[in-house]
Asker: 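My questions all concern the structure below.
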Amino acid sequence: MSINRIAKAHWYGRGTDGYGQLDTTSEVLKSTPYSYTTRFADGAGTNPEELIAAAHAGCLSMKLAFNLQVAGFVATRIDTRCEIVMEEGLVRESVLVVEAQIPGMQEDKFQELVADAQENCPVSKLLNASIRCEAFLIPSLAV
């Protein structure tokens, strides 16, 4: 199966005082602003590292959900936080923290399925950076 997704970046001006807009075919991003200040300060808009973080968090969560399904479990919820660390102009690391509530799940099996998701989600495979992942199984409430 082949899946193609398209995003477009439009940039105007110089690197430090120019600006850009991001668009995706799905229109989730539609003329979304990005600039030097959104990347290296706290300007309004997004930046490539934030988008990579969102993609990695979403990808890992979905891969974990598939792993759980194959193992016979269904998560009540999976919350994944991703921090992209950029140093000296290079993305050096992707730090993932997963919290999940999965009825009947044992800690050792959970950690095994998270490790597989970390290693095998498509975004992990794409990134050429150190990837760390912490995972926390949240106890389910008795129903």
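This structure is a prediction, so every number in the text was calculated from the model and none was measured. The first residue of the sequence shown is numbered 1, and numbering continues consecutively from there.
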Asker: Output the rest of the hydrophobic cluster of Val70: all Ile, Leu, Val, Met, Phe, Trp and Tyr residues reachable through side-chain heavy-atom contacts under 4.5 Å, sorted by chain and number.
Answerer: none

Asker: Sequence neighbours left out, what passes side chain to side chain contact (heavy atoms under 4.5 Å, CB included) with Glu27? Give chain and number order.
Answerer: Lys30

Asker: Check whether Leu68 and Leu137 end up in the same hydrophobic cluster, where Ile, Leu, Val, Met, Phe, Trp and Tyr are linked by side-chain heavy atoms less than 4.5 Å apart.
Answerer: yes

Asker: Is there a path of hydrophobic side-chain contacts, each under 4.5 Å between heavy atoms, that joins Leu96 and Leu127?
Answerer: yes

Asker: Please give me the minimum heavy-atom distance between Val123 and Ala55, naming the atom from each residue.
Answerer: CG2-O, 3.9 Å

Asker: With a cutoff of under 4.5 Å between side-chain heavy atoms, which Ile, Leu, Val, Met, Phe, Trp and Tyr residues group with Phe66?
Answerer: Met62

Asker: For residues Val95 and Val114: do they belong to one hydrophobic cluster (side chain heavy atoms under 4.5 Å, members Ile, Leu, Val, Met, Phe, Trp, Tyr)?
Answerer: no

Asker: What pairs meet the side chain to side chain donor-acceptor pair (under 3.5 Å) rule with one or both residues in residues 105-114, with sequence neighbours excluded?
Answerer: Glu107-Gln111, Lys109-Glu112

Asker: Let's go through Val98 and Leu64 carefully: what are the C-alpha distance in whole Å and the side-chain angles of both, what is the deciding distance for side-chain contact (heavy atoms from CB on, under 4.5 Å) to 0.1 Å, and is it a yes or a no?
Answerer: CA-CA 10 Å; Val98 180; Leu64 178 56; 4.0 Å; yes

Asker: Kindly say whether Gln118 contributes a backbone atom to a donor-acceptor pair with the side chain of Ser124 at under 3.5 angstrom?
Answerer: yes

Asker: Sequence neighbours excluded, which residues qualify as side chain to side chain donor-acceptor pair (under 3.5 Å) partners of Gln69?
Answerer: none

Asker: Show which residues join Leu29 in its hydrophobic cluster (side-chain heavy-atom contacts under 4.5 Å, direct or indirect), or state none.
Answerer: Trp11, Leu22, Tyr34, Leu51

Asker: Between the side chain of Asn47 and the main-chain N/O of Thr38, is any donor-acceptor distance below 3.5 Å?
Answerer: yes

Asker: Where is the tightest heavy-atom contact between Phe73 and Pro103, given as atom of each residue plus distance?
Answerer: CD2-O, 3.7 Å

Asker: For residues Leu113 and Asn67, report the shortest heavy-atom separation together with the two atoms involved.
Answerer: O-ND2, 3.1 Å

Asker: Residues in ring pair (Phe, Tyr, Trp, His ring centres under 6.0 Å) with Tyr19, at least two apart?
Answerer: Tyr12

Asker: Find out whether Arg92 and Ser130 are in side-chain contact, i.e. whether some heavy atom of one side chain is under 4.5 Å from a heavy atom of the other.
Answerer: no

Asker: Working to the nearest 0.5 angstrom, can you tell me the gap between Glu88 CD and Leu90 CG?
Answerer: 7.5 Å

Asker: Taking ring pair (Phe, Tyr, Trp, His ring centres under 6.0 Å) as the cut-off, I'd like each qualifying pair that reaches into residues 36-57, sequence neighbours left out, listed once.
Answerer: Tyr36-Phe40

Asker: For the CD atom of Glu49 and the CE atom of Met86, what is their distance to the nearest 0.5 Å?
Answerer: 4.5 Å

Asker: Return the minimal non-hydrogen interatomic distance between Ser35 and Gly18, and the atom names on each side.
Answerer: CB-O, 3.8 Å

Asker: To check you understand the geometry: which heavy-atom pair defines the closest contact between Gln101 and Ser140, and what is its length?
Answerer: NE2-CA, 3.5 Å

Asker: Compare every heavy atom of Lys63 with every heavy atom of Asn120, then report the nearest pair and how far apart it is.
Answerer: CB-CE, 3.9 Å

Asker: Is there a path of hydrophobic side-chain contacts, each under 4.5 Å between heavy atoms of I, L, V, M, F, W or Y residues, that connects Val97 with Ile78?
Answerer: no

Asker: Any link between Ile138 and Met105 through a network of hydrophobic side chains (Ile, Leu, Val, Met, Phe, Trp, Tyr) touching at under 4.5 Å?
Answerer: no

Asker: Residues in side chain to side chain donor-acceptor pair (under 3.5 Å) with Ser31, at least two apart?
Answerer: none

Asker: Filter on salt bridge (charged side-chain N to carboxylate O under 4.0 Å, His left out), then keep only pairs touching residues 122-131, sequence neighbours left out; what's left?
Answerer: none

Asker: With sequence neighbours left out, write down each residue that passes side chain to side chain donor-acceptor pair (under 3.5 Å) with Thr80, or none if nothing qualifies.
Answerer: Ser61

Asker: What's the spacing between Ile84 CD1 and Ser94 OG if we round to 0.5 Å?
Answerer: 3.5 Å

Asker: Going by side chain to side chain donor-acceptor pair (under 3.5 Å), name the residues that satisfy it together with Asp42, two or more places apart in sequence or in a different chain.
Answerer: none

